[in-house]
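Heavy-atom basis, side chains included; hydrogens, waters and symmetry copies ignored. A note on names: the letters A, B, ... follow the listed sequences, proteins ahead of strands, and every chain is numbered from 1. Just so it is clear, the structure is predicted and the values come from calculations on it, not from any experiment.
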2 protein chains.
Amino acid sequence: MLVVDDQAVVRAGFAAIVDAEPDLTVVGEAGDGASAVELAGREAPDVVLMDIRMPGMDGLTATRLITAPESGPRVLVLTTFDLDAYVYEALRAGASGFLLKDAQPEELLTALRVVASGDGILAPAVTRRLIDTFAQGAPPPPVVTGALGGLTPREREVLLHIASGLANAEIAAALGVTTGTVKTHVNALLTKLGLRDRVQATILAYESGLIRPRGAPAG
Amino acid sequence: MLVVDDQAVVRAGFAAIVDAEPDLTVVGEAGDGASAVELAGREAPDVVLMDIRMPGMDGLTATRLITAPESGPRVLVLTTFDLDAYVYEALRAGASGFLLKDAQPEELLTALRVVASGDGILAPAVTRRLIDTFAQGAPPPPVVTGALGGLTPREREVLLHIASGLANAEIAAALGVTTGTVKTHVNALLTKLGLRDRVQATILAYESGLIRPRGAPAG
DNA sequence: GGCGGTCTCTACCCTGCGGTAGAGGCTCCG
DNA sequence: CGGAGCCTCTACCGCAGGGTAGAGACCGCC
């Protein structure tokens with residue numbers, strides 16, 4: 001198995017959990033998407049445990065590349081954030097599973113074995129939302145190119161302003177356009193990301209690292 | 001001058017900037033509110049450069065204590081977040097000035113000298129908002145006990161749900177009350193914090209550390 | 001040239017949110 | 001006991017926000 005996470009401690013933690021199992025072995029670790037792709041090609045692991053948020057190449061892009069070959073490794077995406085946009089994107093990118101980081105260690109191990117066997121697995125909460133989505137006769141997952149990558153420059157700009165707490169009228173003033181135009185961008189952006197409102201967009205901005213709390217991380 | 005910030009690097013940075021000035025001297029550093037109060041009493045600096053967000057006793061409480069004595073030091077509050085609630089609180093706590101961390105070094109030095117001389121100073125953006133507020137015939141600053149401290153337990157709970165991206169109806173379902181009740185709490189909470197809408201509340205939740213991004217801080 | 005994507009704007013609709021006011025029941029505390 | 005604070009609910013209002021549709025202008029690319 002290959003562990004991919006930009007935080008060394010997290011990586012080590014997962015590796016320790018996995019290595020304690022007799023039937024599972026960590027064959028490598030990577031701190032970013034590019035190294036992950038390279039290592040996956042070199043070590044040919046059965047499974048890659050992939051974090052989404054990483055500097056440089058993100059986990060979704062790496063997943064796309066790793067799962068491109070017909071007989072490539074299976075990828076289990078592990079994230080701390082469960083917005084729909086991520087789930088859809090991960091599955092579209094070729095992931096075999098999607099787990100949240102608050103999962104129990106046993107769940108993680110089970111998921112790894114399930115994915116290794118070729119089956120798919122999703123976190124319970126994620127599964128329920130997907131079911132709800134389809135039950136409501138919702139159209140197939142919104143097309144997203146990559147967490148935030150699918151947005152146009154203007155849309156990303158608007159997203160930043162949203163996440164700064166600005167109202168549409170204020171964003172319009174800041175950009176020198178009409179509020180109608182801002183609404184168009186907001187709508188496009190929410191649709192692309194699979195979000196409901198600007199609050200979720202704000203959360204995504206923080207959770208995705210687009211915006212980082214400026215205060216101290218201590219406390 | 002006394003530098004108070006929980007991040008050692010930030011502290012060192014400010015100290016370096018200040019010490020390079022012939023007319024300014026750093027007489028001490030503190031990493032939390034309690035040490036700041038103690039040091040302020042011991043060193044009797046002219047000015048205290050105070051960060052708001054700190055583990056343990058926060059900067060506002062420390063400011064309150066430090067400025068309590070008639071001839072106590074002047075306090076220049078430096079924050080990375082400019083929500084109205086902080087500004088009002090800081091001024092009510094006895095601060096002589098309020099600067100944002102994205103200020104230029106020269107602005108910081110100027111502010112320090114101005115505050116040391118007994119005058120008050122505010123960041124331009126902050127000043128404009130205060131003027132706007134008063135221009136609109138707005139009542140005196142909302143009474144806030146301390147960033148998030150003034151909220152009732154229920155209100156904090158609602159704030160957490162807001163910052164999780166839930167709509168009022170969903171919060172109501174989660175708490176087992178009517179949406180009307182949730183709206184009451186939301187309204188009370190926004191008013192107490194001096195915020196306009198739930199997006200700003202969400203931002204505050206992140207910036208205040210109430211919620212911490214679950215993703216990696218790298219990137 | 002034609003096509004696709006982006007940015008811009010307009011118009012309309014409806015819902016959820018935010019603001020205000022009042023009111024009843026509860027607990028804690030002086 | 002009486003008051004204060006909190007939680008709860010109701011009702012109403014206005015508006016910003018979100019959904020949908022269409023349309024013109026610009027640019028880069030085939």
Side-chain angles (χ1 to χ4, degrees), chain A residues 83-85 136-139 142-146 148-205, chain B residues 83-85 133 136-139 142-146 148-204:
Chain A
L83 278 188
D84 292 0
Q136 288 172 5
V143 178
V144 186
T145 309
L148 299 178
L151 301 183
T152 68
R154 202 55 157 175
E155 286 161 358
R156 259 193 301 279
E157 200 173 355
V158 170
L159 173 55
L160 274 174
H161 282 101
I162 287 177
S164 296
L166 298 188
N168 287 339
E170 293 168 334
I171 298 174
L175 298 183
V177 300
T178 65
T179 66
T181 299
V182 173
K183 289 178 72 171
T184 301
H185 290 314
V186 171
N187 227 281
L189 157 184
L190 292 179
T191 303
K192 283 184 181 177
L193 297 176
L195 306 175
R196 178 175 53 192
D197 53 43
R198 56 211 294 119
V199 175
Q200 294 192 343
T202 302
I203 295 172
L204 179 62
Chain B
L83 280 188
D84 292 0
T133 300
Q136 288 172 3
V143 178
V144 186
T145 310
L148 299 178
L151 301 184
T152 68
R154 201 54 157 176
E155 286 161 357
R156 259 193 301 278
E157 198 172 355
V158 170
L159 173 55
L160 274 175
H161 282 99
I162 287 177
S164 296
L166 299 187
N168 287 339
E170 293 168 334
I171 298 174
L175 299 182
V177 300
T178 65
T179 66
T181 300
V182 172
K183 290 178 71 171
T184 302
H185 291 314
V186 171
N187 226 281
L189 157 184
L190 291 179
T191 302
K192 284 183 181 177
L193 296 176
L195 307 175
R196 178 175 55 191
D197 53 43
R198 56 210 294 122
V199 174
Q200 293 192 344
T202 302
I203 295 172
L204 179 63

**Q** Which whole-number value in Å describes the distance from Glu155(A) CD to dT8(C) P?
**A**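 Going from CD in Glu155(A) over to P in dT8(C) covers 11 Å.
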**Q** Enter the distance from Thr191(A):OG1 to Glu155(A):CD here, rounded to the nearest 0.5 Å.
**A**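 Here the interatomic distance stands at 9.5 Å.
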**Q** Between dT8(D) atom C1' and Ile171(B) atom CD1, what is the distance in whole Å?
**A**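 To the nearest whole Å, that distance equals 16 Å.
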**Q** With a cut-off of less than 4.0 Å, is there a side-chain N or O of Thr181(B) near OP1 or OP2 of dC9(D)?
**A**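 Thr181(B) to dC9(D) OP1/OP2: side-chain N or O found under 4.0 Å.
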**Q** Within this structure, what is the CZ-CG distance for the pair Arg196(B) and Leu166(A), rounded to the nearest 0.5 Å?
**A**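 If I round to the nearest 0.5 Å, the distance is 7.0 Å.
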**Q** Please find the pair of heavy atoms, one from Leu190(A) and one from Ala201(A), that lie closest to each other, and give the distance.
**A**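 Between these two residues, the closest heavy atoms are CD2-CB, 4.1 Å.
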**Q** Write out a two-atom table: protein N or O, nucleotide N or O from nucleotides 24-30 of chain C, distance below 3.5 Å.
**A**
none

**Q** Rounding to a whole Å, what distance do you find between Lys192(B):NZ and dC7(D):C1'?
**A**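 My rounded result for the distance is 11 Å.
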**Q** Counting only side-chain heavy atoms from C-beta out, which of dT10(C), dT8(C), dC6(D) sits nearest to Thr152(B)?
**A**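 Of the candidates, dC6(D) comes closest.
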**Q** Round to a whole Å and report the spacing from CG of Leu175(B) to C1' of dC9(D).
**A**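 Rounded to whole Å, this separation is 15 Å.
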**Q** Using whole Å, report how far CG of Leu189(A) lies from P of dT6(C).
**A**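 In whole Å, dT6(C) P lies 13 Å from Leu189(A) CG.
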**Q** By side-chain hydrogen bond (donor to acceptor under 3.5 Å, both in side chains), which residues pair with Thr181(B), not counting sequence neighbours?
**A**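 Thr181(B) satisfies side-chain hydrogen bond (donor to acceptor under 3.5 Å, both in side chains) with Thr178(B) once adjacent residues are dropped.
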**Q** Expressed in angstrom and rounded to an integer, what is the separation of His161(B) atom NE2 from dC17(C) atom C1'?
**A**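 Whole-Å distance recorded here is 18 Å.
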**Q** Quick one: is His185(A) getting a side-chain N or O under 4.0 Å of the dT8(C) phosphate, OP1 or OP2?
**A**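 It does, given that an N or O in the side chain of His185(A) lies less than 4.0 Å from OP1 or OP2 of dT8(C).
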**Q** Using whole Å, report how far CZ of Arg156(B) lies from P of dC6(D).
**A**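 So the CZ-P distance, Arg156(B) to dC6(D), works out to 10 Å.
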**Q** Report the residues that fulfil side-chain hydrogen bond (donor to acceptor under 3.5 Å, both in side chains) with Asn168(A), sequence neighbours left out, ordered by chain and then residue number.
**A**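 Arg198(A).
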**Q** Rounded to the nearest 0.5 Å, what's the gap from OG1 on Thr202(B) to CD on Gln200(A)? Could you check?
**A**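 The OG1 atom of Thr202(B) sits 10.0 Å away from the CD atom of Gln200(A).
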**Q** Would you mind building the protein contact string for nucleotides 17-30 of chain D? One character per nucleotide, 5' to 3', B for base within reach (heavy atoms under 4.0 Å), S for sugar-phosphate only, - for untouched.
**A** BBBB----------
**Q** Distance check, rounded to the nearest 0.5 Å: Leu204(B) atom CG versus Leu189(B) atom CG?
**A**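 It is 9.0 Å, given to the nearest 0.5 Å.
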**Q** Would you say Thr152(B) and Lys192(B) make side-chain contact, with heavy atoms under 4.5 Å?
**A**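 Side chain of Thr152(B) against side chain of Lys192(B), heavy atoms only: contact under 4.5 Å found.
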**Q** Between dC6(D) atom C1' and Glu157(B) atom CD, what is the distance in whole Å?
**A**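 Roughly 13 Å, once rounded to whole Å.
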**Q** Which residues pass the side-chain hydrogen bond (donor to acceptor under 3.5 Å, both in side chains) test with Thr179(B), not counting sequence neighbours?
**A**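 For Thr179(B) there are no side-chain hydrogen bond (donor to acceptor under 3.5 Å, both in side chains) partners, ignoring immediate neighbours.
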**Q** Take Leu175(B) and His161(B), measure what side-chain contact (heavy atoms from CB on, under 4.5 Å) needs, and give me the verdict at the end.
**A** CA-CA 10 Å; Leu175(B) 299 182; His161(B) 282 99; 3.8 Å; yes
**Q** Return the minimal non-hydrogen interatomic distance between Leu159(A) and Leu193(A), and the atom names on each side.
**A**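 In this case the closest contact between Leu159(A) and Leu193(A) is CD2-CD1, 4.4 Å.
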**Q** Take the C1' atoms of the five end pairs on each side of the helix from dG1(C)-dC30(D) to dG30(C)-dC1(D), derive the two axes, and give their angle rounded to 10 degrees.
**A**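 If I round to tens, the end axes sit 40° apart.
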